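Heads up: the structure comes next, in structure tokens.
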Amino acid sequence: MAALSGKIIQNAFLAQHRPQARHSTRYPSDFCALDTRSVHSFQECRLRLAGTSAKWLNTISTAWISSSKQAYISCNAAQGSSVVPSSAKVDFLKLQNGSDIRGVAVGGVEGEPVNLTEPVTEAIASAFAAWLLNKKKADGWRLTLGITTAGHDVLQFGLASTPAMFNSTLTEDEINHCPVDGAIMITASHLPYNRNGLKFFTSAGGLNKADIKDILERASRIYEDSSHGSTQELEQASKGEVSNVDYMSIYASDLVKAVRKSAGNKEKPLEGLHIVVDAGNGAGGFFVDKVLKPLGAITTGSQFLEPDGMFPNHIPNPEDKTAMKAITQAVADNKADLGIIFDTDVDRSAAVDSSGRELNRNRLIALMSAIVLEEHPGTTIVTDSVTSDGLTTFIENKLGRLVLCSICLSVAHLFYDKGGKHHRFKRGYKNVIDEAIRLNTIGEESHLAMETSGHGALKENHWLDDGAYLMVKLLNKLAAARILNPNVGSKVLTDLVEGLEEASVTVEIRLKIDQNHADLKGGSFRDYGEAVLKHLENAISKDEYLCKAPKNYEGVRVSGYGGWFLLRLSLHDPVLPLNIEAPSKDDAIKLGLAVLTAVSEFPALDITALNKFLQQ
């Protein structure tokens, strides 16, 4: 048969509980791990994965290369505490979480039965292999017996981040078997210890919802076949060797090169700068030793760099108040110039300047917009739906500049360039990134797509939502400024967001839909939620003090009383999140009352949280 090329990378976060006090959102467990010792490829092949134990939090990546002669595959494995027989009935489609897969991997939490078991994970990994070969159009969509009986060599990538896994599909490094054709990241980000999940990538980016559904349907068939013993003979034919590849060093070296380039190829452009990192016991600790130190930065005071899936110090989440307080305190205690914080798998990030000012959410988007618009004047900035009105004004007006007429070159003919364009879209980092890509295909230039959650992707970086790369863009600005003034610090970043108008009151209230309530009349929570939104929209149209946003892609967004609110339906859960921003508490209450008046007619909607806010 024709030679095939299919390389798969897989990464697993594993954690083991130790008997000491834990963060309140964690739960006790003897062991937290995903065991993926073996993978059944669709119908005709079983690919064997190497087994390895892991303590605390361990991330091992896999690369698989298949040809007509041999196949290479690798993975880590650790014995899980909860294993469900492969004969158990599993609804694979319930594991879909938008463009990711999420499930419960460890038992022990009441009301959360294990559904992401070893056999289920094997089937999903195998289904991805089949899906990938189909996408690559490599002699059909099946792995054949001729390939699998040749054996499988294993590559272990070690600790890795989600952006690095995607980046491995782009890296040109033949010695280390890159670029790979596909990547799997095993992570549930900052969710509790008993959860796990998978993210998938090819060189075209992260997979979309339709792809995930396709893979889960394939996995379901594989799972059924394996439970009937149809892969038993092929399992015995698999064999291979194990090799290690330090891919994170390859990935980190590219980040270092980017900063050096911005500073005229100076070897240590951050020399003298004190930068502290908070990795939140996730996978971001590499940024200290592999990125900042080679650039000359002082990193004393960096914290929680060791991986621990129980997250004993705080949730690794740039939106979490406790996490941001921790990095702000670290900056103050160490008199640092800059603080950097990552989420668990490093696809999100935020910063803190030397004065303790947080650079996250709207501020981080404003900062990145300022940097990108300097490089690409007039470009469109795509964000999620909950960004502020102040951000729109900042991008479209405050980032404007005086421009010399290019025709007559006369100083007398200076005109004001309005700056960029703010395209507020939907929640979901994949939605935001895909929208930016779409705009470029229809002729509207866009170079930045960002969510308030800290996800951010740039066109120059292949639209990869990479928290480490976002921070590198900030470091580039610092490094370039220090060429002109060696004493400059993070104020050069803070100055870029001067003029950003920020609301005094910012709140998110989650209104839950009771799926068992009789008012649903047997319908879905999504249909019920849409009915709530339609009713709110009609009610708003009759209120002279409120104005519905003329262009909106998600939910109902309304301006009034100097602020705004957005009520939308959650992407995955029976919840209607309500975001309110206003110049004062009284104005926020007025907006909240407008919502309450409309939604009170829906008894299946729990408005307890909204009432509590209004009564404070």
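From a predicted model like this one, the values you see are computed outputs, not experimental measurements.
Between Asn167 and Ile250 there is no side-chain heavy-atom pair separated by less than 4.5 Å. Counting heavy atoms from C-beta outward, Leu475 and Leu338 have side chains that approach closer than 4.5 Å. The side-chain heavy atoms of Asp465 and Thr162, taken from C-beta on, include no pair separated by under 4.5 Å. Inter-residue side-chain proximity for Arg427 and Thr452 is flagged as met; some heavy-atom pair is nearer than 4.5 Å. With a 4.5 Å cut-off on side-chain heavy atoms, Met165 and Thr187 do not count as touching. Between Leu496 and Lys477 there is a side-chain heavy-atom pair separated by less than 4.5 Å. A 4.5 Å side-chain heavy-atom check between Ser203 and Leu170 finds at least one atom pair inside the cut-off. At least one side-chain heavy atom of Ser189 sits under 4.5 Å from a side-chain heavy atom of Thr344.
Applying the ring pair (Phe, Tyr, Trp, His ring centres under 6.0 Å) definition to pairs two or more places apart or across chains, those involving residues 442-467 are His376-His447, Tyr429-His455. Residue pairs that meet the salt bridge (charged side-chain N to carboxylate O under 4.0 Å, His left out) test with at least one member in residues 247-265, sequence neighbours left out, are Arg260-Glu267.
With hydrogens and angles ignored, the 3.5 Å screen pairs a side-chain donor or acceptor of Asp337 with a backbone N or O of His274. A donor-acceptor pair under 3.5 Å is formed between the side chain of Asn334 and the backbone N or O of Ala330. Distance alone, capped at 3.5 Å, is enough to place a donor-acceptor pair between the Asn362 side chain and the Ser388 backbone. Using a distance-only test at 3.5 Å, with no hydrogens or angles considered, no donor-acceptor pair links the side chain of Ser385 to the main chain of Lys426. Judged by distance alone, with hydrogens and angles left aside, the side-chain atoms of Asp353 form a donor-acceptor pair with the main-chain N or O of Ser355 at under 3.5 Å. Counting only distance, with no hydrogens or angles, the side chain of Glu358 and the backbone of Thr328 share no donor-acceptor pair below 3.5 Å. Of the possible polar contacts, none joining the Ser262 side chain to the Ala480 backbone as a donor-acceptor pair under 3.5 Å is found.
Here Leu270 contributes atom CG and Asn476 contributes atom CG; the two are 9.0 Å apart, rounded to the nearest 0.5 Å. How far CE of Met471 is from CG of Leu478: 11.0 Å, rounded to the nearest 0.5 Å. To the nearest 0.5 angstrom, His422 atom NE2 is 5.0 Å from Ile395 atom CD1. Of the inter-residue distances, the one linking Glu451 atom CD with Thr383 atom OG1 reads 9.0 Å to the nearest 0.5 angstrom. A distance of 8.5 Å separates CZ of Phe311 from CG of Leu191, quoted to the nearest 0.5 Å. The structure places CD1 of Ile381 at 8.5 Å from CG of Leu399, a figure rounded to the nearest 0.5 Å.
When Asp466, Asp320, Asp343 are each tested for a salt bridge (Lys or Arg N to Asp or Glu O under 4.0 Å) with Arg348, only one passes: Asp343. Among Lys421, Glu444, Glu445, the one residue that satisfies the side-chain hydrogen bond (donor to acceptor under 3.5 Å, both in side chains) test with Thr380 is Glu444.
Under 4.0 Å is where a charged nitrogen must lie from a carboxylate oxygen, and between Arg557 and Asp389 at least one such pair does. Ion pair Lys398/Glu501 flagged as a salt bridge, since at least one NZ, NE, NH1 or NH2 atom sits closer than 4.0 Å to an Asp/Glu carboxylate oxygen. For Arg357 and Glu502, the salt-bridge test passes: some basic side-chain N is under 4.0 Å from an acidic carboxylate O.
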### Task
Dump the intermediate steps for side chain to side chain contact (heavy atoms under 4.5 Å, CB included) on Asp495 and Val492, then the final yes or no.
CA-CA 5 Å; Asp495 286 349; Val492 70; 5.8 Å; no
### Query
Should Ser161 and Asp345 be marked as a side chain to side chain contact (heavy atoms under 4.5 Å, CB included) after you check the CA-CA gap, both sets of side-chain angles, and the distance that decides it?
CA-CA 5 Å; Ser161 66; Asp345 53 339; 5.6 Å; no
### Task
Let me see the working for Leu207 and Ile212 under side chain to side chain contact (heavy atoms under 4.5 Å, CB included), right down to the final yes or no.
CA-CA 7 Å; Leu207 273 58; Ile212 297 300; 4.2 Å; yes
#### Entry: Audit row: Asp173, Tyr247, side-chain hydrogen bond (donor to acceptor under 3.5 Å, both in side chains) steps and yes/no
CA-CA 10 Å; Asp173 189 334; Tyr247 183 75; over 6 Å; no
### Message
For Asp347 and Phe166: C-alpha separation, side-chain torsions, deciding distance, then whether side chain to side chain contact (heavy atoms under 4.5 Å, CB included) applies.
### Response
CA-CA 11 Å; Asp347 55 4; Phe166 173 34; over 6 Å; no
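Nearest approach of Leu255 to Ala468, heavy atoms of both residues: CD1-CB, 3.9 Å. Here the shortest heavy-atom pairing between Ala479 and Val259 reads CB-CG1, 4.1 Å. Residues Arg510 and Pro577 come closest through the heavy atom pair NH1-CG, 4.2 Å. In plain terms, the two heavy atoms of Ala350 and Pro318 that are nearest each other are CB-CB, 3.8 Å. Nearest heavy-atom pair, Ile327 versus Met324, reported as atom, atom and distance to 0.1 Å: CG2-O, 3.2 Å. What you find for Ala164 and Met248 is that their closest heavy atoms are CB-SD, 3.5 Å.
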What donor-acceptor contacts under 3.5 angstrom involve side-chain atoms of residues 433-441, with partners at least two apart or in another chain?
unit_1, atom_1, unit_2, atom_2, d
Asp434, OD1, Lys430, NZ, 3.0
Asp434, OD2, Lys430, NZ, 3.0
Glu435, OE1, Arg438, NE, 3.0
Glu435, OE2, His423, NE2, 2.8
Glu435, OE2, Arg438, NH2, 2.8
Asn440, OD1, Ser446, N, 3.2
Asn440, OD1, Lys459, NZ, 3.3
Asn440, ND2, Ala436, O, 2.8
Asn440, ND2, Ser446, O, 3.0
Thr441, OG1, Arg438, O, 2.5

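Atom NZ of Lys473 has more than 12 neighbouring heavy atoms from other residues, nucleotides or ligands inside a 6.0 Å radius. Annotation: Lys512, atom NZ; neighbour count of heavy atoms from other residues, nucleotides and ligands within 6.0 Å does not exceed 12.
Ring pair Phe304/His314 is perpendicular by interplanar angle, where above 60° counts as perpendicular and below 30° as parallel.
Side-chain atoms of Ser354 and Lys491 include no donor-acceptor pair closer than 3.5 Å.
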